[in-house]
Each structure stands twice: as C-alpha cells, then as structure tokens.
Amino acid sequence: MTFSDFIITNAPVLLVAIPLLAAFLCPVMGKISSMVRNFWVMGMMLVTAAVAFILAYRVFVTGPVIYVFGAAAANLAIPLDSGGIPIRIIFTVDAMSAFMDIICAIVGVSVLLYSLSAESRNSSLEGYYTLFFLMIVGVFGMVSTGDIFNFFVFLEILSLASAGLIAYRIDGGLAVEAALKYFILSTLGAIFVLFAIGIFYGQYNALNIAMIAERMQFSMLDKIALVLLVAALAMKCGAVPLHFWTPDAYSMAPSSVTAFLVVASQASLYGLFRVVFTMYNITMNCVTVGWIIIIFGVLSMVVGVTMAIPQKDIKRLMAYHAVSQTGYMLLGVGVGLAVLGNAGLTSAFGFMAMEGGIFHIFNHAMYKGLLFLTAGAIIYRIGTRDLNKMGGLGHTMKYTMIFFMIGALAIAGIPPFNGFASKLMIYESVYLFNPLLAIIAMVVSILTLASFVKVFHSVFMGPKLPEYADVKEAPLPMLIGMGILAAIVILFGLFPQPVVEILVAPAAHALADQGGYIASVLGGA
Amino acid sequence: MRMSRIVRTAADILYPAILIFGLYIVAHGHLTPGGGFQGGAVIATGGALVIVAYNYKEVTGWLKKNVLTGQEVTGLVGFIGVGLLALAFGQGFFFNYLVGSGSIFGIPVPYGINAGELNTAGTVPLMNFAVGIEVWGGLTVVILYMLSGLEKEGC
C-alpha cells in the first residue's frame, strides 16, 4: 500500500487522530521552546487541513466514505458475526459532513495562524493550544461521526475544551463566569442528548445513525427524543430563545477562540439538521417540525439584530449578530424541511432554500470569523472593547479597516461579497414559500447594515485620537489569518455559481437523501 | 499544618495500599469491573489523603506537578499511540492487533469457569494502563490545585 493510498483510506480517522496527537504532544513541544511549539501546532494544523481537503475531494467525487473503528478493514460496517447490526463506532462522511469539514479546516488554519501572534503575550500557551486542538477534534468528530453516542462524546469534548478556552483570560472573573454559564448550559444540553440516545437505544437496539434511521417508527418515545435533541442542539447553536449564553461566551473568549466558537456552534447546527433530516426525515410531521425551526430562525434573526443595535461592547455586538445570522440558516433549512414531503414544492424552491441555508453556514463562518478576528486585532492594539472609547483607527490600522469593511459588507448582504449570494438564495426561495418571512429576512439585513455602519464609524472614522497616536497596524501573522478569510469572502461572492454547484448542492442533496445515507452504511438497502 | 502523628502514620501505611489497590484495578480492567479511569481515580485519592494528613508544601515536594503533567502526556500519547499503531499494521484505527496473537496479552480466553486469565484481551489492557497513568497524573494535579488554598486559611 502506498503512502497516498494510506492517507486516502484512513482520512476520516486521521482527521481526529492528528489533532489529538498534536494536542497531547503540545506540552512536550512547549518544554523544548516556544518556537518549536509554534512550528508544531502550525504544522499539525496544516496537515489536518490537508487531510480534510483530501477527504472532502474524495467524498465529492466518489460519494459517501465510511470508516469503521477497530475493524480489520475500513469499510467493513457490519461484522460477519453480528447478525446484521453495525456494532462498531463508525465515521460516515457524506457530502454534508465533508462540507462542514472544509469549513472547520479553513477557519482552523486561519485562526491558528492568527493566534500565533495574538496570544503570544499570554502565559501557559501549551494549555491554550492543547484545548484549541481538542476543539478542532470535537468539531471534526461531530460532523464526521455516524454513531449517535459518538456524537455525544465529541459534543462533550467540544464543550469542555470551549469552556476552558472561554475562561482562558480570567479577566477579573468575568471570563470565568461566562465559561461557567456556557459549561452548565452545555452539560444540561448534553444530558438531554444522552437521554434521547437512551431512548433510541432502548427502542432500536442500535446507536448507529443509519440503523436508527432505517428502523425509525416515530413512536411517542421518538417524539420525546426529537424534542430533547432539537432543544439541546438549538441551544448549542445559539438560537433564540436559548441564545443567552452566546453574548457572554463570545465576548469574553479571546477573539481567536470566538472565531472558532462560531464554527463550534455550527457543528451543533449540523447535528440538528442531521437529526431531523437523516434520522427522522419524512417519518415525522415535516411541516410542523419545519415550522418550529422556521420560528426559531425568525426569532433569532429579529431578536439578535435588535439586541445588537444598542450594544457598546464591540464583541458583544458581533455576538448578537452571530445569533441573528444563525436565524438565516435555520430559516433556509427549515423551509426546506417544511416542504420535504412534497416533491413538487421541494424541487420548486425547497432545495434552493436548503442550499441557501447551507451556503450561509459556510459564508457565515468566513465573514463572522473575519469580523471577530478584526475585533481581536483592534482590542490587541488599543486594549479596550468599548465602542465609545474607540475612534480614528482608520488612520493607522488600514488593513484591519479594509478587512473589517469586507466582513461588514458581507454580513449585511451587499454584493459582491459572499453574504449576498447566500442571502439572495434564501430570499428568493423563502418568498415562494411565505412572502412575509422573506420580508422579515430583508429587514433584518438592513438593520444589520445599519448596525455595522455605526460600528465602522465609531471605530475607524473621525480624527486621530491623541491616546491612540502610537497605535500600529496588527502584526503580520494576524493580517495573514484575516486575509485568508477575506479572500474567501470575496472569491465566493464573485463566483457563487460554481461553489453552489460543486459544494453546496451535493451537501443539500446528501442531507435530504436519507436512503443514500442508510445505504452507504448498511449496504444497498 | 500537619495533622497528629496518628493520622500521619495511618496515611503512611494506607498510601502504598491505596496505590497497589489502584494499580490492581487498572491491571484487571479487562477482567473485573473497573479499568483505567477508576484505578487512576483510586490512586489520586491516595494523593488527597497525604495532602490532608501532611501539609500542601511538604506534599508538593513528593508529588511534583511536572512529573504528574508528564504522566498525563505519557498516558494520552500512549493511548493514541496504541490506536495509531494499528494503522501502521495496515488495519483500522484501534484494531486489536494483539488479541489471539500469542504474544503479550495475546492468549485466547479460556473456556468455562476460571479465575480470570490476565494475559488476554490484546490492546485493551494496554489502553487501560495508558488511561490509568493519565488519570493518576491528571486527577492528582486537579486535587493539588484545589487543595492549594488550604494553607492560606491559616487553620
């Protein structure tokens, strides 16, 4: 077996194993020197990202890839003596999972590059990078796994690592309080998920998502499990009315961590979609559940943006915008779910709504990550996060200003940036479903623009303030980290068509295609 | 502040016993209830006992944070290493390449009622050892940090 065969065969597991190894060896590398440690973390992150891209390429070209842990061969889902039950832990990477893997890989590389200089002034960086890699493990695991209990395990890894990183800058106890809030809510959510898993296991004697999906009866117990899963995962992705941890956690975490927390929230969003589309699909009442998700989405959009407008803390403001943007994804995919049982409506606008929502996940991770990184660069240089104390930074931090503008215009849905491409898809398709929802979505976009114009004006415009006379541009690694995301924001905004055709449409179809998912694990069912 | 001579002597006697009992639980993880995590936690309680019996400063001279952190790293890398080694043999991640191989931990499980053969189960005991070493280090560090405030109360 050649090296390339080895990588291709084992790509799904290397996605988790490499960051784990990187995390565990990070303290050892830190003992040698900080230079060695920096090379180690950056190198391992690049290798992980490369593996993610190789895996995604394979999935998009040849279809779903499965990987069975502890088996003699990677694709041996059902052991010969198990009576047809896939008993082992399994990774099932279909187009939707691969899509999320790409997001995690891109944001992971740029955030890590940014951290190298943004966090360089802090102590105990070994712990920082170890927890950061554990977060990456959590996200990759959650989006790749094909086993619902395994999903819970990675959810917990992600929550614990995130809570540790939110509390990383103790900040007079404020960050610790935010982390404690996040940690308690995450644990509560995780217990909900565990309870739902218990219900599945008791009924269907299986933990494999494909197996549960195949045997799904939608009994009373399944309804309870659905409620528990939707509530817990909607809370984890920060949808109103369960959004209250996001402003605290996002604003108190170091900015580089916040940018990755956005991806972490989206992994929960992926979990929510995976549950409703792959496990339940049309056995449940899609219209009702679809409308519940749409209402979550609309509430998130409106409450998020209206709460964002009066904020004076730059990161808190952006955190509320993150809640608001999550609403768009829920709206788009919720509309897709509501019409799932109706083939005519699905092909008329259902798929387009789903594609819009899924494309928005990608775009949001890019521009929101970019915005949080620019906020971090500003805080790094001037030491305050209060918008009232900022001003005139456009004179000295030119590149940061340009990156901020790109991010702000993208989040407001202004062409030619990527936010416009996905929002337009959502507007068009949702308008066919229910015009009122599309109008709400557009109004929220306008309010977002208004809010970011205010931020832009108070941070960058105006005369040079005397207290910031000697402020310099952000260091080069931070600029490169932001630049990667900004380049993708522009590129995907200029050429949305190929992106939608190559990446987004297969992901949306893979999500809706329950039979294909089951067949990829259990064989031609 | 140290506790009375009676408590300290009892702690001295109990500490090796706790250590051995913890290691026993780790080593028999694949045969009896327990395993790496439980055994490691038992050993860490021994650390808690000596901190209570002696004082924090004295104990940090015996239980060094560097060594314990090193144990954590060793355990974790050992665990993932056992899994990755399977890839080197051309099998799936975490494939049990030792079971039934005849080498260490590789003899087949005896049939019928027996006392429990330690030399079975392949890579499972190795992973138990790794987890045991990791939890031993990790939990003891946690206890050291949590009890580091004992001195400041002035009791």
Side-chain angles (χ1 to χ4, degrees), chain A residues 1-3 5-32 37 40 44 51 65-77 79 88-91 124 126-127 129-131 133-134 137 141 144-145 147 150 157 160 164, chain B residues 30 36-37 64-101 105 109 121-142 144-146 148-149:
Chain A
M1 193 160 67
T2 63
F3 183 68
D5 282 345
F6 173 79
I7 294 290
I8 289 170
T9 318
N10 293 307
V13 71
L14 290 177
L15 216 49
V16 174
I18 294 172
L20 273 178
L21 194 66
F24 298 157
L25 280 178
C26 197
V28 179
M29 298 295 165
K31 279 268 183 291
I32 301 171
R37 181 200 62 218
W40 169 256
M44 280 315 212
V51 171
V65 172
I66 63 169
Y67 190 92
V68 186
F69 283 60
N75 55 1
L76 198 67
R88 293 187 196 281
I89 295 174
I90 188 170
F91 269 20
S124 70
E126 285 77 37
Y129 288 118
T130 304
L131 287 172
F133 271 110
L134 286 178
V137 170
S144 304
T145 189
D147 180 295
N150 207 224
I157 291 177
L160 285 171
Chain B
H30 55 296
F37 189 92
K64 291 201 173 55
K65 277 182 191 158
N66 274 342
V67 176
L68 294 167
T69 317
Q71 259 179 287
E72 268 188 277
V73 172
T74 315
L76 289 167
V77 173
F79 187 82
I80 197 102
V82 169
L84 283 173
L85 212 55
L87 290 184
F89 295 145
Q91 284 139 340
F93 192 53
F94 281 137
F95 183 80
N96 199 335
Y97 40 85
L98 284 181
V99 73
S101 67
F105 295 120
V109 182
T123 57
V124 178
L126 296 182
M127 287 177 179
N128 270 329
F129 289 135
V131 172
I133 293 168
E134 195 277 332
V135 173
W136 176 354
L139 266 185
T140 313
V141 167
V142 169
L144 279 178
Y145 274 109
M146 285 172 80
S148 64

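Predicted, not measured: the structure shown is a model, and the values here were computed from it. Per chain, numbering begins at 1; letters A, B, ... match sequence-line order.
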Open item on the list: So for A:I89, is it side chain, backbone, both, or neither that comes closer than 4.5 Å to the heavy atoms of chain B?
Closed with: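 Neither part.
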About how many Å separate [atom2] of [Y] and [atom1] of [X], when rounded to the nearest 0.5 Å?
X     : Y     : atom1 : atom2 : result
B:I80 : A:L20 : CD1   : CG    : 4.0 Å
B:F79 : A:F24 : CZ    : CZ    : 8.5 Å
B:L84 : A:I18 : CG    : CD1   : 8.5 Å

Open item on the list: Ignoring hydrogens, what is the shortest heavy-atom contact between A:Y67 and B:F93? Give both atom names and the distance.
Closed with: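 In terms of heavy atoms, the two residues are closest at OH-N, 2.8 Å.
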TODO: Begin with the C-alpha distance, continue with both residues' side-chain angles, and end with the deciding distance and a verdict on side chain to side chain contact (heavy atoms under 4.5 Å, CB included) for B:V73 and A:K31.
DONE: CA-CA 12 Å; B:V73 172; A:K31 279 268 183 291; over 6 Å; no
